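Working notes, structure below.
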Amino acid sequence: MYHFTPFSLNIKRHLLWCDRPQVMGIINVTPDSFFSSSRTEQESAIKSRVEEMIASGVDMIDIGAYSSRPGAEEVPVDEELSRLQRGIAAVRKIAPEIPISIDTFRAEVAEKAIVDMGADIINDISGGTLDPAMEETAVKLNVPYILMHMRGTPSSMSSMTEYNDVTADVLADLGEKINRLALAGLNDIIVDPGFGFAKTFEQNYELLRNLNLFQILERPLLVGVSRKSMIYRALDTTPQNALTGTIAANTIALCNGASILRVHDVKEAVETVKIVTMTYHDL
């Protein structure tokens, strides 16, 4: 049964009130992200992608400068910062007010992106496990923090998929970290079950099926399944041909309580949100 809980985020000391599910568009300022069509290294390509997203109704934009796909090359801090600077600057020229999240697990990168470059949200795929300073940094900056579940590193996570019960274990891990961050004073925490990160193909679908249970955390829920292997493997296709499957998975996620959809294809996600909310808005 569809259930959406309105939520708010503190963006630059202004309250952003979200009374419907939000769509977060992905911009990868990288040469090696798993979905090749999402790679936008040059300023002109970034601007073109942002303009397309804005026209399609995007609510927020997530910029990543370090690919987390298995086997991706390590990116030096200076290079990650340089890529982010280029990406954030390009977005701000077109959309000065749109919330920007930074997809990084490095505290140093997160702080510079927020303080010096004008980003608004930290999106940490490791949930604070890859950089011990990240939790302290998030608390100090007191900006919205996307807390994702992952085990190991992008290169080792595929071997770390042993769970007693994947849903219960992920919930317990996220719950413990939420409590620690909240007690330290962090106000806005968004949770992400981490589809594709230290989960098997079957475990991803178990999490999707049980997504409504994450409402017990009483935090906005971000779902990022866009064109991932759980989609294209199920359809025996490629990331390039996984849009229809992504729409189906996002529909299921919305019906199970998703607050934010992180996607490559903004127009389709915005339309999915409209149809789902139109169907259930009186319930």
Side-chain angles (χ1 to χ4, degrees), residues 11-12 24-50 53 60-95 98-157 190 192 194 196-198 222 224 226-228 262-264:
I11 304 293
K12 291 187 174 68
M24 174 184 284
I26 299 168
I27 292 181
N28 290 314
V29 194
T30 58
D32 56 349
S33 296
F34 81 92
F35 179 41
S36 60
S37 298
S38 73
R39 302 170 191 166
T40 50
E41 293 186 79
Q42 303 305 317
E43 183 178 359
S44 59
I46 299 168
K47 286 183 176 180
S48 177
R49 178 65 60 83
V50 173
M53 288 181 174
M60 51 189 72
I61 291 176
D62 185 60
I63 303 178
Y66 191 140
S67 175
S68 56
R69 68 173 178 81
E73 293 186 7
E74 185 171 345
V75 179
V77 170
D78 288 348
E79 176 62 23
E80 185 179 6
L81 285 168
S82 175
R83 292 175 181 179
L84 286 175
Q85 177 68 63
R86 184 164 65 249
I88 293 170
V91 171
R92 284 290 177 238
K93 286 180 182 178
I94 297 167
I98 196 162
I100 294 177
S101 73
I102 298 302
D103 184 354
T104 186
F105 57 82
R106 289 168 165 159
E108 176 186 357
V109 171
E111 183 162 6
K112 289 183 178 178
I114 298 291
V115 175
D116 299 333
M117 302 179 193
D120 306 293
I121 301 167
I122 300 171
N123 181 10
D124 179 7
I125 64 165
S126 79
T129 61
L130 292 181
D131 186 341
M134 180 60 93
E135 289 190 2
E136 181 183 349
T137 299
V139 170
K140 178 177 67 174
L141 295 173
N142 201 20
V143 295
Y145 178 65
I146 300 171
L147 172 69
M148 197 187 88
H149 177 272
M150 184 180 77
R151 289 175 168 179
T153 67
S155 60
S156 68
M157 62 185 178
I190 300 163
D192 180 348
F197 289 79
L222 184 147
S226 182
R227 297 183 181 264
K228 287 185 175 179
R262 182 179 179 273
V263 299
H264 299 94

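This one's a predicted model, so the numbers in the text were calculated from it and none came from an experiment. We use all heavy atoms of the structure for the numbers below, so side chains are in, but hydrogens, waters and symmetry mates are not.
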Query raised in the report: Under the 3.5 angstrom rule, does the side chain of R92 hit a backbone N or O of A95 as a donor-acceptor pair?
Result: yes

Query raised in the report: Are I122 and I146 close enough that some pair of their side-chain heavy atoms sits under 4.5 Å apart?
Result: no

Requested in this report: Measure the shortest side-chain to side-chain distance between F197 and M148 over non-hydrogen atoms and say whether it is less than 4.5 angstrom.
Outcome: yes

Query raised in the report: salt bridge (Lys or Arg N to Asp or Glu O under 4.0 Å): which pairs involve residues 129-156, sequence neighbours left out?
Result: E111-K140, E135-R180

Requested in this report: Kindly determine whether I27 and M53 satisfy side-chain contact (heavy atoms from CB on, under 4.5 Å), including the steps that lead there.
Outcome: CA-CA 10 Å; I27 292 181; M53 288 181 174; 3.9 Å; yes

Query - Residue pair A65 / E80: nearest heavy atoms and the distance that separates them - result: CB-O, 3.6 Å

Report summary line: By side-chain contact (heavy atoms from CB on, under 4.5 Å), D62 pairs with (sequence neighbours left out) M24, S101, D103, N123, R262

Query raised in the report: Which pairs pass ring pair (Phe, Tyr, Trp, His ring centres under 6.0 Å) with one or both residues in residues 109-128, sequence neighbours excluded?
Result: none

Requested in this report: Say whether, by atom type as modelled, one donor and one acceptor occur between the side chain of S226 and the main chain of H264 under 3.5 angstrom.
Outcome: yes

Report task. Check the pair V50 / K93 against side-chain contact (heavy atoms from CB on, under 4.5 Å), numbers first and verdict last. Result -> CA-CA 10 Å; V50 173; K93 286 180 182 178; over 6 Å; no

**Report entry** Residues Y145, I121; criterion side-chain contact (heavy atoms from CB on, under 4.5 Å); working and verdict
**Finding:** CA-CA 6 Å; Y145 178 65; I121 301 167; over 6 Å; no

Query raised in the report: Could you go step by step and tell me if L147 and D192 meet the side-chain contact (heavy atoms from CB on, under 4.5 Å) rule?
Result: CA-CA 6 Å; L147 172 69; D192 180 348; over 6 Å; no

Query raised in the report: So, D78 and K112, do they make that salt bridge, N to O below 4.0 Å?
Result: no

**Report entry** ring pair (Phe, Tyr, Trp, His ring centres under 6.0 Å) contacts in which one or both residues fall within residues 101-121, not counting sequence neighbours
**Finding:** Y66-F105

Requested in this report: Would you mind reporting whether I63 and L84 have side-chain heavy atoms less than 4.5 Å apart?
Outcome: yes

**Report entry** By side chain to side chain donor-acceptor pair (under 3.5 Å) - contacts of T153 (at least two apart)
**Finding:** S155, S156

Report summary line: Sorted by chain and number, sequence neighbours left out, side-chain contact (heavy atoms from CB on, under 4.5 Å) with N142 holds for L186, N187

Requested in this report: Please name the pair of heavy atoms, one in G128 and one in M134, separated by the smallest distance, quoted to 0.1 Å.
Outcome: CA-CB, 4.3 Å

Report summary line: Taking every heavy atom of K12 against every heavy atom of A119, the minimum-distance pair comes out as NZ-O, 4.1 Å

Report summary line: OG1 of T129 to NE2 of H149, rounded to nearest 0.5 Å, is 9.0 Å

Query raised in the report: I102 and A113: which non-hydrogen atoms are nearest, and at how many Å?
Result: CG1-CB, 3.7 Å

Query raised in the report: Under a 4.5 Å cut-off applied to non-hydrogen side-chain atoms, are I98 and D120 in contact?
Result: no

Query raised in the report: Tell me, do R227 and V263 make a side-chain contact under 4.5 Å, heavy atoms counted?
Result: no

**Report entry** For the student: nearest non-hydrogen atoms of I125 and P154, plus distance
**Finding:** CD1-CG, 4.4 Å

Query raised in the report: Is the shortest heavy-atom distance from the side chain of R106 to the side chain of L130 under 4.5 Å?
Result: no

